[in-house]
Amino acid sequence: MDSFLKSGKLGDTASSKSSTSGISKKKDKKLQWVEKYRPRTVEDVVEQKEVVALLQECILGADLPNLLFYGPPGTGKTSTILAAARQLFGDIYKDRILELNASDDRGIQVIREKIKTYAQLSVASSRADGKACPALKIVILDEADAMTDAAQTALRRTMEKEAKTTRFCLLCNYVSRIIEPLTSRCTKFRFKPLNQSFVLERLQLICTKEDVLVDDDVLNILVKESGGDLRRAITALQSCAHLKGKGNKIALENVYDVLTVVPSDWITNFFNLCKNESDINEIIRFINDLEQQAYPCHKIFEQLNDLLIEAEISEPLKAEIGEYLAESSFRSSCSRSDFTHLLDFAVHVQEILTVPVEHRKAKAEKIARSTMINGIA
Amino acid sequence: MSLLWVDKYRPKDLSSLDYHTQQAKELKNLVANSDFPHLLLYGPSGAGKKTRIMCILRELFGPGVERLKTETVTVTTPSNKKIEITTVNSNYHIEINPSDVGIYDRVVVMDLIKNIAQTQHIGSTNNQRNFKVVLLTEVDNLTKDAQHALRRTMEKYSTNCRLILCVTSLSPVIPAVQSRCLLIRVSAPSIPEISKILQVTCKKEDLTISPALAEKIAKTVNGNLRRALLICEACKVENKNLTTDREVPEPDWKKFIEKTANLITHKQSIDNLMTVREHLYELLTNGIPPEIILKELLIGLLLKCDKQIIPQVVRDAALYEHRMTQGNKHIVHLEAFVTKFMCIYQEHLSSLMEGF
Ligand SMILES: Nc1ncnc2c1ncn2[C@@H]1O[C@H](COP(=O)(O)OP(=O)(O)OP(=O)(O)O)[C@@H](O)[C@H]1O
Ligand SMILES: [Mg+2]
């Protein structure tokens, strides 16, 4: 881990001159760009101003609170805390942090014993290079939303008891999965999806460093489609560059493909099919074809939503369709077969647009009544 | 007898892939680079994901990846339970199907990855890669727990371990894992592509297949190339004259689901429900995935429904399909759907009678 953090410096001159023979002795040449361009200092972290400000204070000597970072993937949570630890403790930072993530066993037992033993180690208040540093250790619980409630509850007590010598930093995507007593013990920071201009700036920097050839408008689309997830944007850029090979310009199709954007023809055709009074067989056939193209379902719904907003449909009906879209999209989110959900959406759009609202209401009521009273004979 | 055609004529390297050739070319470029990302291949079954993966591996490590051996690994869980899993590995990669171990998949996957990551991999002299590949198939069935575990692991051990994941639908894969991989879409081959491959394969076997028959087979398999080849070979075993007038058999389970759908619309009663249950059990024990059963059953039923009740039926299907992904007793949800359908259907019939 040390090696990638060291080479994560943005000013690094190591550009990946990829030789096909591939035998490069230096390890960092084989690093993924996300690791290579991981921020090394908290100043390098873009966008998340509040937390950066707080951590800078701490590095200058202020007291470090317990922290809770939450936000969507690839917005810098892990990077920020690791960078802060490096700056606080210098070379010995590895001894001062205990990183536990979802791949480690984090049952109650571990919380009680491993963390407790670790927290009780006493540490000095100076670094290897003689500078002063807080006499603290940091326990980083990455992916904390994957911890069970029981383990979280156990953590409560530990956090309070070890408050003198240990700080906790919880990282997660969904703050709602962290129990209230824990969130109230931490200073909370929301990591926002990154602003497009920041992502663009970052990517442009990488493009120059790595000799990537790409047109501005293609890069802009890449930024837009990665939706504020910088990791995704960087991975996409790297993949495109490598799929194309050295010296070739990245094409728009590459960007669409690695970011799983569905070609707009499919989406408009699908929506038109729903709008017209198409036969059920026709709809089934279309969805079957769509499934064979393997476009991801959540993306289809996302793009249908964009289309819906622009569509020329009266506002109340649009709202109704929108609601159904949200429902279908939710139901499909863990499903192994998208077919049923796409079909469900299609026939309902059809119904909403063709059957007058009073009829639908009356029907729904009748259904609710009858299925309650009559079972099957 | 020798190998099945599906295995015998499986393309061995990226340049001999028959379709999606542009993608194959780009994958070649990707492999030529020294930094290779984690991959996530997605696409319907039988579209050639596994073939593509083996080609990529060969391109990465050379023919050595084809020397496969199966091994049984025992992993001990924190609660001291011993779990056995069969792996297929070469010197350069290890393949497992994590759904073989159910809820213990997290422990098993982590154990394997950490093992590989800790042993610095310095292979034979011609091996220019300093990483080993862990190939996980059927990641759609990987528990959320195991997926979360992959997140930091994929970053931490990325120096000497790469993951290749293989799924049929992206929906069950958490965004955080998707964000760490290069996503590669493998769509099903088109009907002309399938029929061409059938013709070429037959030629290699010194047989001639009529183009019309090839197309007929291609149309029935719904983009599943593996099934097309199997059907074609089955036809050959029956009779070497592959002429246009040959019957293309539907798979048994499909016929069986059709029969079940007929049964459901035929009579709506508790007794009949019991018979349907037996049918569902039979399908499940024969390894037909529950989501496929639901899908085919739904299509079968819709063809017999009045237009008015279609929205309601489909809505319930979607509802039970969703619940099925949440629970792990599939039969309950399948049966609930059937019951619900019977109610709707009967209700509709009697409301029609009232009209008279
Ligand atoms: N705010 C940021 N500033 C600079 N780089 C960033 C930022 N956010 C993300 N990155 C880039 O994205 C990569 C991944 O970031 P990081 O691991 O911190 O994400 P995360 O928020 O922990 O995501 P996850 O929730 O998936 O664990 C980093 O290596 C870095 O290159
Ligand atoms: Mg993280």
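Protein chains get the first letters and strands the later ones, always in sequence-line order, with residue 1 at the start of each. Predicted, not measured: the structure shown is a model, and the values here were computed from it.
Remark: B:Arg323 engages no residue in a side chain to side chain donor-acceptor pair (under 3.5 Å) (not counting sequence neighbours). For A:Glu143, the side chain to side chain donor-acceptor pair (under 3.5 Å) test picks out no residue, with sequence neighbours left out. Checked against side chain to side chain donor-acceptor pair (under 3.5 Å), B:Ser190 has the following partners two or more places apart in sequence or in another chain: B:Glu193.
Among A:Thr235, A:Thr340, A:Val34, the residue making the largest number of heavy-atom pairs under 4.5 Å with chain B is A:Thr340. Chosen from A:Arg331, A:His341, A:Gln350, the residue pairing most often with chain B at heavy-atom distances under 4.5 Å is A:Arg331. Ranking B:Ala318, B:Pro37, B:Pro44, B:Gly43 against chain A, the residue ahead of the rest is B:Ala318, based on heavy-atom pairs under 4.5 Å. Between chain A and the options B:Asp140, B:Val109, B:Ile174, the largest number of non-hydrogen pairs under 4.5 Å is found for B:Asp140. Considering only heavy-atom pairs separated by less than 4.5 Å from chain A, the leading option among B:Asn224, B:Asn141, B:Val107, B:Ile113 is B:Asn141.
Heavy atoms of A:Asn281 lying under 4.5 Å from chain B belong exclusively to its side chain. Heavy atoms closer than 4.5 Å to chain B are found in the side chain of A:Tyr324, but not in its backbone. With a 4.5 angstrom heavy-atom cutoff, B:Lys28 does not touch chain A via any of its atoms. At a 4.5 Å heavy-atom cutoff, the contact between B:Leu183 and chain A is made by backbone and side-chain atoms alike. At a 4.5 Å heavy-atom cutoff, the contact between B:Leu319 and chain A is made by backbone and side-chain atoms alike. In this structure, chain B has a heavy atom under 4.5 Å from the side chain of A:Asp145, while its backbone stays farther away. Residue contact with chain B, scored on non-hydrogen atoms closer than 4.5 Å, involves the backbone of A:Ser333 exclusively. Neither the backbone nor the side chain of B:Ala47 comes within contact range of chain A; no heavy atom of the residue lies under 4.5 Å from a heavy atom of that chain. Residue A:Leu343 touches chain B through both its backbone and its side chain, counting heavy-atom pairs closer than 4.5 Å. Looking at B:Val186, only its backbone comes within 4.5 Å of chain A, counting heavy atoms on both sides. Residue A:Glu277 touches chain B through its side chain alone, counting heavy-atom pairs closer than 4.5 Å. Interface remark: A:Asp289 contributes no atoms to any contact with chain B (heavy atom separation under 4.5 Å). The parts of A:Ser335 that come within reach of chain B are both its backbone and its side chain, each placing non-hydrogen atoms under 4.5 angstrom from that chain. Of the two parts of A:Lys363, only the side chain, counted from C-beta on, holds a non-hydrogen atom closer than 4.5 Å to a non-hydrogen atom of chain B.
For the residue pair B:Ala176 and A:Arg231, the shortest heavy atom distance occurs at O-NH1, 4.5 Å. The two residues A:Arg336 and B:Thr325 have their closest heavy-atom pair at N-CG2, 4.3 Å. B:Tyr42 and A:Ala294 get closest at one heavy-atom pair: CE1-O, 3.0 Å. The minimum heavy-atom distance linking A:Asp338 with B:Ser171 is given by the pair OD1-OG, 3.4 Å. Of all the heavy atoms in B:Lys295 and A:Phe339, the pair that sits closest is CG-CD2, 3.5 Å.
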Practice task
Check step by step if side-chain contact (heavy atoms from CB on, under 4.5 Å) holds for B:Arg180 and A:Gln32.
Solution key: CA-CA 10 Å; B:Arg180 286 163 169 82; A:Gln32 309 275 302; over 6 Å; no
Practice task
Take A:Gln238 and B:Asn33 through the test side-chain hydrogen bond (donor to acceptor under 3.5 Å, both in side chains) and record every step on the way to the result.
Solution key: CA-CA 11 Å; A:Gln238 181 182 20; B:Asn33 271 289; over 6 Å; no
Exercise for the section: Could you give me the CA-CA distance, side-chain angles and deciding distance for A:His298 and B:Gln178, then say whether side-chain contact (heavy atoms from CB on, under 4.5 Å) is met? Expected result: CA-CA 13 Å; A:His298 69 96; B:Gln178 287 187 30; 4.1 Å; yes
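Chain B is approached within less than 4.5 Å, heavy atom to heavy atom, by A:Pro73, A:Thr78 from residues 70-79 of chain A, ordered by number.
In this structure, the side chains of A:Gln293 and B:Arg185 come closer than 4.5 Å at one or more pairs of heavy atoms. Residues A:Cys334 and B:Gln326 have side chains in contact (heavy-atom distance under 4.5 Å, counting atoms from C-beta outward). Side-chain contact between B:Leu182 and A:His242 is absent, with no heavy atoms from C-beta onward closer than 4.5 Å. In this structure the side chain of A:Asn173 reaches within 4.5 angstrom of the side chain of B:Arg151, judged on heavy atoms. Contact check for A:Asp344 versus B:Glu321: no side-chain heavy atoms found under the 4.5 Å cut-off. The shortest side-chain heavy-atom distance between B:Arg315 and A:Glu351 does not fall under the 4.5 Å cut-off. Put simply, the side chain of A:Leu243 reaches to within 4.5 Å of the side chain of B:Leu30, judged on heavy atoms. When side chains are defined from C-beta on, A:Glu327 does not count as touching B:His322, because their heavy atoms never get closer than 4.5 Å.
Atoms OG and CG, from B:Ser187 and A:Leu290 in turn, are 11.5 Å apart once rounded to the nearest 0.5 Å. A distance of 11.0 Å separates OG of A:Ser239 from CD of B:Glu26, quoted to the nearest 0.5 Å. We find the CD1-CD1 distance between B:Ile299 and A:Ile280 to be 9.5 Å, quoted to the nearest 0.5 Å. Here CZ of A:Arg232 is found 11.0 Å from SG of B:Cys181. Values are rounded to the nearest 0.5 Å.
With salt bridges taken as basic N to acidic carboxylate O contacts below 4.0 Å, one links A:Asp142 and B:Arg152.
With a 6.0 Å radius and a threshold of 12 heavy atoms from other residues, nucleotides or ligands, B:Lys267 has its NZ atom at or below the threshold.
In this structure, the side chain of A:Gln292 engages the main chain of B:Asn222 through a donor-acceptor pair within 3.5 Å.
Using a 3.5 Å distance cut-off with no hydrogens or angles, the side chains of B:Gln23 and A:Asp257 do not pair a donor with an acceptor.
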